[in-house]
Amino acid sequence: MSEHIGEQRTERPRQSRFERGDELVVMKFGGTSVEDAAAISRLIGIVRSRLGAQPVVVVSALARVTDQLLEAGNAAANGHLGLALATVRSIYVRHEQLADLLVNESAYSALDRELRSEFRALESLLHDLEASRQLDLKSQDHLLGFGECFSSRLVKEALCQAGVTAAHVDARACIVTDARHGQASPVWDATEQRLQQALSPLLESGQVPVLGGFIAATCHGVPTTLGRGGSDFSAAIVGAALRATRIEIWTDVDGIMTADPKLCSDARVIRKMSFDEAAELAHFGAKVLHPSTLAPAVRENIPVYILNSRRPEGEGTEIVARVKGGSVVSAITAKRTVAAVEIESPQGVGSELLRAVYAAFDRHSCPVDLMATSLGRVSLLVGSTAALPAIAADLRGVADVRWENHKALVCLVGENIRRQPEVASRVFAAVADMDVRVVCQGASDRTISFLVEESKADESVQRLHGIFFPQQEPARDWGGISSAFCQAG
Ligand code: ADP
Ligand code: ASP
Ligand code: MG
């Protein structure tokens with residue numbers, strides 16, 4: 001059986017297989033950190049500041065490009081090829097304009113050749129989609145990956161132009177995954193070997209490797225992706241393969257905050273978090289980190305930093321194995337577009353029913369979020385209702401499957417939060433008028449979560465943030481129920 005990255009392996013040598021200096025930093029730049037010429041110039045400055053630490057650069061597609069590619073794919077599959085081609089044309093023009101601003105004439109023509117050839121392949125894929133009239137997950141992976149192919153070539157050339165010796169590395173030739181299109185999982189041994197083989201000679205000769213995040217391929221070379229927001233995960237995969245000394249996620253906020261700052265303008269930066277807390281937060285919907293990012297870092301015990309590319313001098317958030325002290329409530333988040341599924345069986349809930357339920361969800365690639373059982377009923381949460389009719393059909397005769405969608409799971413995260421009963425009572429008093437439908441008791445001590453109508457998610461987070469992170473309270477009084485800065489002791 002192939003080995004996946006989340007699995008614990010035995011007898012792993014701590015040292016990388018190739019010789020290297022003491023430091024190695026993997027730096028991931030998200031879409032807004034490469035969105036225009038000013039952002040790419042900031043990226044160059046940040047990479048320069050790490051040249052002594054063997055940087056490896058992982059970049060997302062330029063902001064909004066992945067969504068535009070998806071729109072173009074849907075348009076083509078619906079027969080609107082003209083619209084699809086116009087959309088990708090505007091993506092092409094945006095990259096050309098940036099190339100024009102960032103690189104000189106001779107480098108421009110080489111880059112232009114590369115970009116044109118990629119765009120021709122993209123246009124040809126859109127023609128195929130129009131002919132087949134469908135955009136399945138396999139074609140979608142191929143389509144969406146173009147964004148990172150373009151951005152990584154552009155950023156590599158911009159770095160070279162600025163005097164940084166950079167080399168482009170095709171992530172699809174290095175990160176090997178299973179064929180679960182839309183959200184593939186890395187096959188660790190092959191990935192590790194290929195990353196080391198491709199990157200070690202570059203690092204040894206003082207070059208800065210630049211890879212597109214998010215993209216990978218199966219062992220047969222079929223393009224896959226790691227799921228939306230997956231460039232964070234790519235950085236962690238590269239970091240773990242190279243036994244990096246740190247992984248830096250450069251984004252558009254000052255670090256992980258007590259809530260999404262787009263929702264709570266008074267959200268504060270959390271200076272230090274444990275891997276476990278940050279993983280819970282990512283799992284429960286905090287977009288700032290892709291939920292799979294921390295597993296490879298945990299396995300190799302590599303600290304992860306969340307930093308603002310617009311304010312590189314900031315301290316950001318440091319995520320490490322253990323944080324002493326800290327606060328009871330670290331952060332509040334919400335996972336949207338959740339559906340609550342109830343599975344009822346007249347025979348009651350036994351291991352046979354649970355096996356059949358799991359097998360049905362697995363067969364239809366429908367990941368299950370939270371699960372609770374009672375006498376004759378299994379309750380669970382899923383992120384999409386797409387597969388539910390087929391799952392219900394599979395289970396007909398065994399159990400009745402019903403679901404309600406448009407829900408959100410609001411979650412408070414903090415070390416030992418569940419061991420403080422007063423937190424739960426304050427939470428449920430605060431949302432008592434909101435028709436809290438299910439109180440979810442996950443397995444960990446680090447979360448309290450509940451289900452509300454999706455339309456109430458923002459208000460729930462804002463109310464709870466107001467209670468646990470009150471604006472007017474002076475700093476010296478924090479540290480009881482919550483504190484703005486979770487510091488290691
Ligand atoms: P990138 O393109 O750099 O990967 P993302 O948009 O994926 O950036 O993630 C950064 C965004 O995550 C922020 O702009 C912010 O709105 C959102 N976010 C959600 N929850 C949090 C949180 N708890 N702390 C910080 N940012 C958060
Ligand atoms: N570009 C991809 C997305 O928008 C991956 C990423 O940005 O991390 O989902
Ligand atoms: Mg992201």
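Indexing begins at 1, ligand by ligand and atom by atom, following the structure's order. No hydrogens, no waters, no symmetry mates; every other heavy atom, side chains included, goes into these values. As the structure is a prediction and not an experimental result, all values here were calculated from the model.
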Exercise. Does any N or O in the side chain of E123 come within less than 3.5 Å of the main-chain N or O of L85, such that one atom is a donor and the other an acceptor?
Worked result: no

For this session: Answer yes if the side chains of S330 and E277 hold a donor-acceptor pair under 3.5 Å, and no otherwise.
Result: yes

Exercise. Can you tell me which residue and heavy atom of the protein come closest to atom 7 (O) of ligand 2, and the distance to 0.1 Å?
Worked result: S60 OG, 3.2 Å

Which pairs would a plain distance check flag for residues 138-150, meaning a side-chain donor or acceptor within less than 3.5 Å of a matching protein atom at least two apart in sequence or in another chain?
unit_1, atom_1, unit_2, atom_2, d
S139, OG, D136, OD1, 2.7
D141, OD1, G182, N, 3.3
D141, OD1, T225, OG1, 2.7
D141, OD2, H181, ND1, 2.9
D141, OD2, G182, N, 3.0
D141, OD2, T225, N, 3.2
E148, OE2, A61, N, 2.8

Exercise. What do you reckon, does G31 put a non-hydrogen atom under 4.0 Å from ligand 2?
Worked result: no

Per-pair distances, ligand 1 N/O vs protein N/O, less than 3.5 Å:
unit_1, atom_1, unit_2, atom_2, d
ligand 1, 2 (O), G31, N, 3.2
ligand 1, 3 (O), T251, OG1, 2.7
ligand 1, 4 (O), K28, NZ, 3.0
ligand 1, 6 (O), K287, NZ, 2.8
ligand 1, 8 (O), T251, OG1, 3.2
ligand 1, 12 (O), V288, N, 3.4
ligand 1, 14 (O), D252, OD1, 2.9
ligand 1, 14 (O), D252, OD2, 3.3
ligand 1, 14 (O), K262, NZ, 2.8
ligand 1, 16 (O), D260, OD1, 2.7
ligand 1, 16 (O), K262, NZ, 2.9
ligand 1, 23 (N), M257, O, 3.0
ligand 1, 24 (N), M257, N, 2.9

Problem set entry | S231 side chain to H290 side chain, donor-acceptor N/O pair below 3.5 angstrom | no

Problem set entry | Heavy-atom side-chain proximity of D260 to K287 below 4.5 angstrom | no

Exercise. Any N or O of E148 that comes nearer than 3.5 Å to an N or O of ligand 2?
Worked result: yes

Exercise. Going by the side-chain hydrogen bond (donor to acceptor under 3.5 Å, both in side chains) test, which pairs reach into residues 24-40, not counting sequence neighbours?
Worked result: K28-D232, S33-S309, E35-R310

Exercise. With distance as the sole test, does R418 use its side chain to make a donor-acceptor pair with the main-chain N or O of I448 at under 3.5 Å?
Worked result: no

Exercise. Does any N or O in the side chain of T191 come within less than 3.5 Å of the main-chain N or O of V176, such that one atom is a donor and the other an acceptor?
Worked result: yes

Exercise. Of all residues at least two apart in sequence or in a different chain, which pass the salt bridge (charged side-chain N to carboxylate O under 4.0 Å, His left out) check with D266?
Worked result: none

Problem set entry | N/O separation below 3.5 Å, K28 to ligand 2 | no

Exercise. Looking only at N/O atoms, are G229 and ligand 2 under 3.5 Å apart anywhere?
Worked result: yes

Problem set entry | Protein heavy-atom partner closest to atom 3 (C) of ligand 2 - residue, atom, separation in Å | R228 NE, 3.4 Å

For this session: Tell me which protein heavy atom sits closest to atom 6 (C) of ligand 2, plus the residue, atom name and distance to 0.1 Å.
Result: S231 OG, 3.4 Å

